[in-house]
Q: 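I'd like to ask you about the structure that follows.
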Amino acid sequence: MTKLKLTSRYVIYTYLLFWVMVLGICGMASMVFHVSPIVMRWLSNLCAWSPTIVLFAMFKKLMPGITVKEFYKKAFSGKIRIHIMLLVPIAIVGGMIVSVFILSLIERKAFSSFWSMGAYSLPLTILLSLLSGPTGEESGWRGYLRCELEKKYDFFRASVYLGVIWAFWHTVLWFVDSDFVGGEMLIYVISNVVVMTALTIIMNVIMRKYDNLLYAVWVHFCFNFTYGFINADIWFYAVMSIVYVIIAGVFFCLSKRDKSYEKINII
């Protein structure tokens, strides 16, 4: 079986497993057993691990000749740069804050009215945010699939393809975990695709130079954690899309000016 077919099967199986887990496990827990919100949140976190579960299940075919330990050793082999770790929250959290600020000006509402304290304590919120997408998804999306796409396509196209794949993996959540309908649902879907593609470009720009999966985990965590405190209407998503496209564009343009990128090979 060719690498392309294996990669396609990985994506398909990851989609299917996630959708089955969300509709099966979470659906049954909610509608049949009526579990508490905190239990539902932990079950949702479990669903987010489907990219890693499928990666492990297909590992010998996807990554022949290396062990899981060797895969993670390489994935986290790049040096950690403190200035990049500090830049990420400035860009990601800053993008969220700017989006809310712009929305507050447009709707003439207090900036504070778009924020909520969240449903859980701060330590639990941090733990839940970390153990969902940031640690559950990134082994598959950025650890495995990013490298495979960059072997076949140029950097920009690989990043866009990965962003779109990542975004539409969430399709089932758009319909079961939001109250938007009609035109608002269309805006919501488009903004999800745009924002996730922008985040992917930001992650890939950083990882292509510094080659450490921790950066993707950190970007993902900063976004998810901050997003959990937002209390806004559909227009927030439209504004956020524009803001994150600008941020991703800045990261991409800066990478194009950095000649060291030309020397990086994806193994």
Q: Quick one: does T135's side chain have a donor or acceptor within less than 3.5 Å of a partner on L130's backbone?
A: yes
Q: Cation-pi check for W166 against R142: NZ or CZ below 6.0 Å from the six-membered ring centre and within 45 degrees of the axis, yes or no?
A: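 Yes, R142 and W166 form such a contact.
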Q: Under 6.0 Å between the ring centres of F156 and F252?
A: yes
Q: Say whether, by atom type as modelled, one donor and one acceptor occur between the side chain of S178 and the main chain of F175 under 3.5 angstrom.
A: no
Q: Testing the 3.5 Å rule here: is there a donor-acceptor pair between the side chains of S129 and N224?
A: no
Q: Can you name the residues that form a salt bridge (charged side-chain N to carboxylate O under 4.0 Å, His left out) with D179, not counting sequence neighbours?
A: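 Partners of D179 under the salt bridge (charged side-chain N to carboxylate O under 4.0 Å, His left out) test: none.
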Q: Please work out which of the three classes, parallel, tilted or perpendicular, describes the rings of F71 and F59, given edges at 30° and 60°.
A: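 Ring orientation, 0 to 90° scale: perpendicular.
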Q: Check the pair I126 / F221 against side chain to side chain contact (heavy atoms under 4.5 Å, CB included), numbers first and verdict last.
A: CA-CA 9 Å; I126 292 173; F221 170 78; 3.9 Å; yes
Q: Are there more than 12 heavy atoms of other residues, nucleotides or ligands under 6.0 Å from atom CZ of F101?
A: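 Counting other residues, nucleotides and ligands, CZ of F101 stays at 12 neighbours or fewer.
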Q: Other than L186, what residues sit in its cluster of Ile, Leu, Val, Met, Phe, Trp and Tyr side chains whose heavy atoms are under 4.5 Å apart, directly or through others?
A: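 Listed partners: I190, V194, V245.
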Q: Looking at W174 and F168, would you say the former's side chain and the latter's main chain have a donor-acceptor pair under 3.5 Å?
A: no
Q: Any donor-acceptor pair under 3.5 Å linking the side-chain atoms of S139 with those of Y72?
A: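 Side-chain D/A pair, Y72 to S139: present.
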Q: So, T7 and Y144: side-chain donor and acceptor under 3.5 Å apart, yes or no?
A: yes
Q: When the ring centroid of F18 is compared with that of W49, is the distance short of 6.0 Å?
A: no
Q: Residues in salt bridge (charged side-chain N to carboxylate O under 4.0 Å, His left out) with R81, at least two apart?
A: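 Salt bridge (charged side-chain N to carboxylate O under 4.0 Å, His left out) check on R81 returns nothing, list empty.
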Q: Is atom CE of M28 surrounded by more than 12 heavy atoms (other residues, nucleotides or ligands) closer than 6.0 Å?
A: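 At most 12 heavy atoms, drawn from other residues, nucleotides or ligands, come within 6.0 Å of this atom.
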Q: Testing Y227, F229, F223 for ring-ring contact (aromatic ring centres under 6.0 Å, His included) with F225, which one passes?
A: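 It is F229; the other options fail the test.
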Q: State yes or no: are the ring centers of W141 and W169 separated by less than 6.0 Å?
A: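 Yes, the ring centres sit under 6.0 Å apart.
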